[in-house]
**Student:** 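Shown below is the structure under consideration.
When a ligand or atom number is given, it counts from 1 through the structure's own listing order.
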Amino acid sequence: MAEDLNIITGTKQIQYETLLPQIYALIEGETDVTANLANIAAALKEQFKWLWVGFYIVKNDELVLGPFQGPVACTRIKKGRGVCGTAWANAATLIVDDVEKFPGHIACSSLSKSEIVVPIIINNSVVAILDADSENLNNYDDTDREYLEKLLKEVSV
Ligand code: SME
């Protein structure tokens, strides 16, 4: 089976509209969570060329690094710490336009300038988060929020 992604240019909306069905096709019928999260991170990285994109999984009341694409990253994050731990504590998507202005931001890479964190919620509790980091300021907006939330809802089914 060919697994090449169709990578396109255009508005962010067009990029998500083209990418999401391809991701659904990739993970359809596969029940292994690690395999699916790994392919989602790879697909997002390939399309958007973000600095870092990946998952942290809730384990024993900590976030533990999961499948990702990009530079090496911190392995464990406590609830309420950094952008990831805050999004987890609030069970809500968090967009940070300038990470240097976010109190307690955890700088895994000095190149990261802006960030979005989207929780994966199952039965009203956060089981994992998606984190994406950009080398550009103000990289993430409501379009990213809308499509990434949609993607993760689909994944959590
Ligand atoms: N910046 C994140 C930490 C994770 S890395 O960016 C991959 C934070 O503040 O939670």
**Student:** Might you confirm whether atom NZ of K59 has over 12 heavy atoms from other residues, nucleotides or ligands at distances under 6.0 Å?
**Tutor:** no
**Student:** Heavy-atom count around R145 CZ within 6.0 Å, excluding the residue itself: above 12?
**Tutor:** yes
**Student:** Just by distance, no angles: are the side chains of Q47 and Y16 close enough, under 3.5 Å, to form a donor-acceptor pair?
**Tutor:** no
**Student:** Starting at CD1 of I116, measure out to CG of N139 and round the result to the nearest 0.5 Å.
**Tutor:** 9.5 Å
**Student:** Would you say CD of E28 has more than 12 non-hydrogen atoms from neighbouring residues, nucleotides or ligands within 6.0 angstrom?
**Tutor:** no
**Student:** As a test of reading the model: which N/O atoms of the protein lie under 3.5 Å from N/O atoms of ligand 1, and at what distance?
**Tutor:**
unit_1	atom_1	unit_2	atom_2	d
ligand 1	1 (N)	H105	NE2	3.3
ligand 1	1 (N)	I106	O	2.7
ligand 1	1 (N)	E115	OE1	3.1
ligand 1	1 (N)	E115	OE2	3.1
ligand 1	6 (O)	D131	OD2	3.4
ligand 1	6 (O)	D133	OD1	3.4
ligand 1	6 (O)	D133	OD2	3.1
ligand 1	9 (O)	V83	N	2.9
ligand 1	9 (O)	I106	N	2.9
ligand 1	10 (O)	V83	N	3.0
ligand 1	10 (O)	C84	N	2.8

**Student:** Can you give me the closest heavy-atom contact between K78 and W88, atom names plus distance?
**Tutor:** C-CZ3, 4.1 Å
